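Here is the structure we will look at, set down as structure tokens.
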Amino acid sequence: MNESMYPFVNHTTYDMQALSALNRLAEATVRKEKSRRTRALCWLLGVVGLVAGAYCYPHQSLVGSLLLLYGVLLLLVAVSWKSFQLRSSQRQLQRGMRECTYEFDDDEIICNTEAGVTRYSYEQTYAVVSDKDWYAIFFDISHGIVIRKTGFTVGDPVSFKAFIGQHTQLPIQEI
């Protein structure tokens, strides 16, 4: 496809760095409250599991052991929350979606991968987030794309910021 027909073209590889950036930007903005609640619930239920397990263990060793195990597992999830989120993102990444070329025109975002072509209209956009290396475009609190600022083959990151803000009619949240 002739890249020059689009004002912006970006190639992003969904490696660990990209998935980590996507999760970090989501957790700082669109998933902030959900992540905080889920993590707090893991802490709370983990502590309850440990206390209940310690209380039950002398009388019912199987129940006590299971509660202790449950508590330890939940506390491990709470402590390693970012790693847990990253592994979850890796599992959700479909085969053939690792390399993505995004083409931005006036009507839509076109994502070309080995798995096929996906199109997103700007009206679907829920939030746009930026940091010094990445743009993340979210379509809801659990679905978004990440764009490496150094990955532009047509256009540049500064012009893209104005373009995406105008086409989505959303403020760019800076992290």
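Reckoned from all heavy atoms, side chains included, excluding hydrogens, waters and symmetry mates. All of these numbers come straight from a predicted model, not from anything done at the bench.
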Response to the item:
Rounding to 0.5 Å, atoms CD (Glu108) and OH (Tyr122) come to a distance of 8.0 Å

Discussion item. Just so I know, are the side chains of Phe139 and Ile145 near enough to count as touching, which here means a heavy-atom distance under 4.5 Å?
Written reply: yes

Worksheet item: Would Leu66 end up clustered with Leu50 when hydrophobic side chains under 4.5 Å apart are linked, directly or stepwise?
Response: no

Discussion item. Go through it in stages, so that I can follow the logic: the residues are Thr29 and Phe138, the test is side-chain contact (heavy atoms from CB on, under 4.5 Å), and I'd like the CA-CA distance, side-chain angles, deciding distance and then a yes or no.
Written reply: CA-CA 10 Å; Thr29 57; Phe138 294 100; 4.2 Å; yes

Worksheet item: To the nearest 0.5 Å, what is the distance between CD (Gln124) and CG (Asp140)?
Response: 9.5 Å

Item to complete: Over 60° means perpendicular and under 30° means parallel, so classify the ring planes of Phe8 and Phe160, tilted if in between.
Response: perpendicular

Practice prompt. Verify the distance criterion only: is there a donor paired with an acceptor across the side chains of Thr13 and Glu99 at less than 3.5 Å?
Written response: yes

Discussion item. Apply side-chain contact (heavy atoms from CB on, under 4.5 Å) to residues Trp134 and Leu22 and explain how you reach the verdict.
Written reply: CA-CA 8 Å; Trp134 303 92; Leu22 184 61; over 6 Å; no

Discussion item. Can a donor-acceptor pair be found, under 3.5 Å and without considering hydrogens, that links the side chain of Tyr126 to the backbone of Gly144?
Written reply: no

Discussion item. Nearest 0.5 Å, please: how far is CG in Asn10 from OG1 in Thr153?
Written reply: 7.0 Å

Item to complete: Say whether Ile164 and Ile175 are linked into one hydrophobic cluster, either directly or through other cluster members, by side-chain heavy-atom distances under 4.5 angstrom.
Response: yes

Practice prompt. Mind telling me whether Tyr102 and Phe104 have parallel, tilted or perpendicular rings, with 30° and 60° as the class edges?
Written response: tilted

Worksheet item: In terms of heavy-atom contacts, does CZ of Phe163 have more than 12 from other residues, nucleotides or ligands at under 6.0 Å?
Response: yes

Response to the item:
Between Arg148 and the options Asp133, Asp15, Asp131, the salt bridge (Lys or Arg N to Asp or Glu O under 4.0 Å) test singles out Asp15

Discussion item. Nearest 0.5 Å, please: how far is OG1 in Thr12 from CZ in Phe152?
Written reply: 8.0 Å

Item to complete: Work out which heavy atom in Asp105 is nearest to a heavy atom in Pro7; give both atom names and the distance.
Response: CA-CD, 4.1 Å

Discussion item. Enumerate the side-chain hydrogen bond (donor to acceptor under 3.5 Å, both in side chains) contacts for residues 164-175, please, sequence neighbours excluded, ordered by first and then second residue.
Written reply: Asp106-His167, Lys161-Glu174

